[in-house]
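One structure is given here, and the rest of the page talks about it.
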Amino acid sequence: MAYLHWSSDLDTGIDVIDKQHRRIVDYLNELNTANDAGDNKVTSHVLNELVDYTLTHFAFEEELQERAAYPFLKAHKRVHEIFTKRVAEFLKRAEAGENVTPELLSMLKIWLVNHIKGDDADYAECVKQNLGLESTMDRTGGWLGSALKRLFG
Ligand SMILES: [Fe+2]
């Protein structure tokens, strides 16, 4: 069973962001499955991928906000930074041999849902107004495609 189900109230209305958020939710569910199965190797592999993907997603969000001249970019960046530090602490404990996955999962679930519904919904409005991006129409002058390629490969 899925640990976290996607629900429409998590949609920001920006296609490219919603896809990334859904990918993070998928990772969360994969992590939960691996942990339930007691497979340490897969668990630590998924954990690293989840963290890696999330940090890349943050970088993308921040560039998008910059592009849209979002007035609270600095505050949003700070929220990402604090979260990144929290996750780094978990990874440190995991490296020391502790199974941090259950605790990390519950923290992630709460944090992610709150962040998407609160801070992300806020910048999404600004991005929609200034850049569009709800649909396939890209008003960023080619920035979108190259940023995706550069960050996600
Ligand atoms: Fe964010």
Side-chain angles (χ1 to χ4, degrees), residues 2-35 43-94 100-153:
Y3 184 72
L4 177 59
H5 278 284
W6 187 267
S7 53
S8 57
D9 57 351
L10 292 172
D11 280 322
T12 63
I14 299 171
D15 197 43
V16 66
I17 291 297
D18 291 335
K19 274 187 190 145
Q20 290 172 19
H21 285 159
R22 279 172 189 266
R23 187 69 192 97
I24 293 172
V25 168
D26 286 344
Y27 271 129
L28 242 138
N29 289 323
E30 280 174 39
L31 184 62
N32 185 55
T33 304
N35 185 64
T43 302
S44 84
H45 177 73
V46 178
L47 180 60
N48 285 321
E49 295 227 308
L50 166 68
V51 171
D52 200 58
Y53 187 89
T54 304
L55 297 188
T56 307
H57 164 69
F58 284 172
F60 179 79
E61 271 194 346
E62 289 165 11
E63 282 195 32
L64 182 63
Q65 289 171 22
E66 209 173 329
R67 200 87 199 168
Y70 179 54
F72 304 109
L73 165 65
K74 242 185 163 173
H76 200 118
K77 263 189 176 168
R78 186 83 192 110
V79 170
H80 285 168
E81 261 171 43
I82 291 165
F83 175 81
T84 303
K85 276 187 189 147
R86 275 174 83 182
V87 170
E89 287 300 317
F90 275 101
L91 291 182
K92 234 194 245 168
R93 284 165 55 196
V100 296
T101 304
E103 195 188 325
L104 181 66
L105 274 168
S106 71
M107 185 279 271
L108 280 173
K109 188 176 178 173
I110 296 165
W111 189 89
L112 194 69
V113 168
N114 284 333
H115 186 68
I116 291 176
K117 286 184 182 174
D119 295 339
D120 287 352
D122 190 74
Y123 88 74
E125 278 316 306
C126 173
V127 167
K128 277 183 251 183
Q129 274 177 21
N130 295 350
L131 299 176
L133 292 185
E134 296 95 322
S135 63
T136 48
M137 200 180 76
D138 176 12
R139 287 197 264 134
T140 67
W143 168 83
L144 181 64
S146 55
L148 286 172
K149 217 171 157 192
R150 172 164 45 83
L151 290 169
F152 291 95

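Position 1 is the first residue of the sequence, and the numbers go up from there. Atom set for the values below is all heavy atoms of this structure, side chains included, hydrogens, waters and symmetry mates excluded. Order of listing sets the numbers, starting from 1, for every ligand and every atom in it.
Side-chain contact between Leu64 and Ile17 is present, with at least one heavy-atom pair separated by less than 4.5 Å. Between Asp122 and His76 there is no side-chain heavy-atom pair separated by less than 4.5 Å.
Residue pairs that meet the salt bridge (charged side-chain N to carboxylate O under 4.0 Å, His left out) test with at least one member in residues 48-63, sequence neighbours left out, are Glu63-Arg150. Screening residues 69-89 for salt bridge (charged side-chain N to carboxylate O under 4.0 Å, His left out), with sequence neighbours left out, gives Arg78-Glu81, Glu89-Lys92.
Below 30°, between 30° and 60°, or above 60°: for Phe58 and Phe83 the angle between ring planes is above 60°, a perpendicular geometry.
Near the Fe ion (ligand 1), less than 2.8 Å away, sit the protein N, O or S atoms Glu61 OE1, His76 NE2, His80 NE2, His115 NE2, Asp120 OD1.
With sequence neighbours excluded, no residue satisfies ring pair (Phe, Tyr, Trp, His ring centres under 6.0 Å) with His45.
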